[in-house]
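So the structure is just underneath, and the comments pick up after that.
Sequential numbering from 1 along the given sequence is applied to the chain's residues.
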Amino acid sequence: MKLAGLKSVENAHDESVWATAWVPATEARPALLLTGSLDETVKLWRPDELALERTNAGHFLGVVSVAAHPSGVIAASASIDSFVRVFDVDTNATIATLEAPPSEVWQMQFDPKGTILAVAGGGSASIKLWDTATWELISTLSVPRPEQPKPSDKGNKKFVLSVAWSPDGRRLACGSMDGTISIFDVARSKFLHHLEGHFMPVRSLVYSPVEPRLLFSASDDAHVHMYDAEGKSLVGSMSGHASWVLSVDVSPDGAAIATGSSDRTVRLWDLSMRAAVQTMSNHSDQVWGVAFRPMAGAAVRGGGRLASVSDDKSISLYDYS
């Protein structure tokens, strides 16, 4: 497996690019790359040439997260202004505006069926679940404090930064500022257990598309962990980045993960070896987001794409094979 650089766009935004996600292809158009920036805009890019399709305004502060609905028809952006804007991908019409108290909107992700949008609730120490049919808040999943407080527990360290849905949509994982990962049973709105092992912020989480219990986490402790999220066990720990790991995503074939770090690199990891097999140094500042393009149908092998975004205002696109 390897990455090959295809294209980079310098000054893709006017400020740091903090978030990226792929919008799935529809019958009418290919997949698009979505980026969100400190410059308060969201941009949509055509997948192969990274040509700018459109710029969306509408936030008053930096965009911390972007997410796409599995249908490819709608997407959402979340900002430090504490609003989530849900919009039509092709027309940019606003579909809904979801409001939260200050510092209570961080990462977000649609569930695999597209019926719920989960939003990491930051200082509220919870995940908010929004119904995508009515855009009403349907549930708040609160992270309980662990029995033994950690030495680092000064103030509210249950600040929730990251969220990930299991492939079947039955479980939701969230990562907190203190390094704790919490697993919830969504249907019962029930906290199940914590996953231990990180002691610094967990800024990114993703489940394997092929092994539904396998959860990957990226942390400021410079490690990437693999957990059996149901069995509560740490099954692997991978190190190699020189600094914080800010983002992790898993390839559509489940064979590799990519990570972005404040050491300015993107790394590709072979999960069978549990080791980094490639380091890409396209960026000149920290890499806030990495995202594999979802695969349509049987075309899982070959023709893969990975995107990365950075504080250096650029986007890089790689071929994954």
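- Scanning for side-chain contact (heavy atoms from CB on, under 4.5 Å) contacts around Thr259 gives Val224, His241, Val245, Val248, Arg267, Trp269, with sequence neighbours left out.
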Please tabulate, for the side chains in residues 274-281, all donor-acceptor contacts under 3.5 angstrom to protein atoms that are two or more places apart in sequence or on a different chain.
| unit_1 | atom_1 | unit_2 | atom_2 | d |
| --- | --- | --- | --- | --- |
| Arg274 | NH1 | Val235 | O | 2.5 |
| Gln278 | OE1 | Leu3 | N | 2.6 |
| Gln278 | NE2 | Leu3 | O | 2.7 |

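- Under the 3.5 Å distance criterion, the side-chain polar atoms of Asp249 are matched with a main-chain donor or acceptor of Phe292.
- Looking at heavy atoms from C-beta onward, Trp288 lies in side-chain contact with Asp311 at the 4.5 angstrom threshold.
- If you take OH on Tyr320 and CE on Met295, they are separated by 8.5 Å, rounding to the nearest 0.5 Å.
- Each of Thr41, Asp81, Asp39 was checked for a side chain to side chain contact (heavy atoms under 4.5 Å, CB included) with His59, and the lone residue meeting it is Asp81.
- Note that CG of Leu137 is 12.5 Å distant from CD of Glu99, once rounded to the nearest 0.5 Å.
- Two residues are said to be in side-chain contact when any heavy atoms from C-beta on lie closer than 4.5 Å; Trp244 and Met200 meet this criterion.
- Residues Glu10 and Ser314 have side chains in contact (heavy-atom distance under 4.5 Å, counting atoms from C-beta outward).
- Counting heavy atoms from C-beta outward, Val266 and Ser316 have side chains that stay 4.5 Å or more apart.
- Put simply, CG on Leu215 and CG on Leu234 are 11.0 Å apart, with the number rounded to the nearest 0.5 Å.
- A heavy-atom distance below 4.5 Å is not found between the side chains of Trp130 and Val86.
- Listed by chain and number, the residues in a side chain to side chain donor-acceptor pair (under 3.5 Å) with Ser166 are Asp168 (sequence neighbours excluded).
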Verdict with supporting geometry, Asp14 and Lys313, salt bridge (Lys or Arg N to Asp or Glu O under 4.0 Å):
CA-CA 7 Å; Asp14 297 338; Lys313 310 178 193 174; over 6 Å; no

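- Of all heavy-atom pairs between Ser103 and Phe159, the closest is O-CZ, 3.8 Å.
- Proximity of Leu317 to Trp45: side-chain heavy atoms (C-beta onward) are nowhere separated by under 4.5 Å.
- In this structure, Leu52 and Val9 have side chains that are not in contact, with every pair of non-hydrogen atoms separated by 4.5 Å or more.
- Looking at every heavy atom in both residues, Asp312 comes nearest to Ser284 through OD2-N, 2.9 Å.
- In Trp165, the CH2 atom is crowded: over 12 heavy atoms of neighbouring residues, nucleotides or ligands sit closer than 6.0 Å.
- Scored by the side-chain contact (heavy atoms from CB on, under 4.5 Å) test, Ile80 finds Trp18, Leu61, Val64 as partners (sequence neighbours excluded).
- Side-chain contact of Thr35 with Thr20: a donor-acceptor pair under 3.5 Å is absent, judged by distance alone.
- Inter-residue side-chain proximity for Leu141 and Leu129 is flagged as met; some heavy-atom pair is nearer than 4.5 Å.
- Side chain of Thr97 to main chain of Arg85: no donor-acceptor pair is present (N/O by atom type, distance under 3.5 Å, no hydrogens or angles).
- Linking Ile, Leu, Val, Met, Phe, Trp and Tyr residues whenever their side-chain heavy atoms come within less than 4.5 Å places Phe110 and Val73 in a single cluster.
- In the displayed structure, Phe60 atom CZ is contacted under 6.0 Å by at most 12 heavy atoms of other residues, nucleotides or ligands.
- Summarising the geometry of Val105 relative to Ser82, their closest heavy-atom pair is CG2-O, 3.8 Å, with the distance given to 0.1 Å.
- Between the side chain of Ser208 and the main chain of Gly254, no donor-acceptor pair closer than 3.5 Å is present.
- With sequence neighbours excluded, the residues that form a side chain to side chain donor-acceptor pair (under 3.5 Å) with Ser272 are Asp270.
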Could you walk me through whether Leu192 and Arg171 pass the side chain to side chain contact (heavy atoms under 4.5 Å, CB included) check?
CA-CA 9 Å; Leu192 295 176; Arg171 298 284 184 265; 3.3 Å; yes

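- Below 30°, between 30° and 60°, or above 60°: for His225 and Tyr227 the angle between ring planes is above 60°, a perpendicular geometry.
- Inspection of the Thr132 and His69 side chains reveals no N or O donor paired with an N or O acceptor under 3.5 Å.
- Across every non-hydrogen atom of Ser261 and Ser243, the tightest pair is OG-O, 3.6 Å.
- Residue Ile183 is grouped with residue Val202 when hydrophobic side chains (ILVMFWY) are merged at heavy-atom distances under 4.5 angstrom, including chains of intermediate members.
- Residues Val17 and Val66 are members of separate hydrophobic clusters, defined by side-chain heavy-atom contacts under 4.5 angstrom among Ile, Leu, Val, Met, Phe, Trp and Tyr.
- Residues Ala164 and Leu205 approach most closely at CB-O, 3.5 Å, considering heavy atoms.
- Of the listed residues (Leu34, Leu306, Leu33), just one forms a side chain to side chain contact (heavy atoms under 4.5 Å, CB included) with Trp22, and that residue is Leu33.
- Gln107 places a side-chain N or O within donor-acceptor distance of the main-chain N or O of Arg203, the cut-off being under 3.5 Å.
- By the side-chain contact (heavy atoms from CB on, under 4.5 Å) test, Ser239 pairs with His223, sequence neighbours left out.
- Ser308 approaches Val290 most closely through the heavy-atom pair CB-CG1, 4.0 Å.
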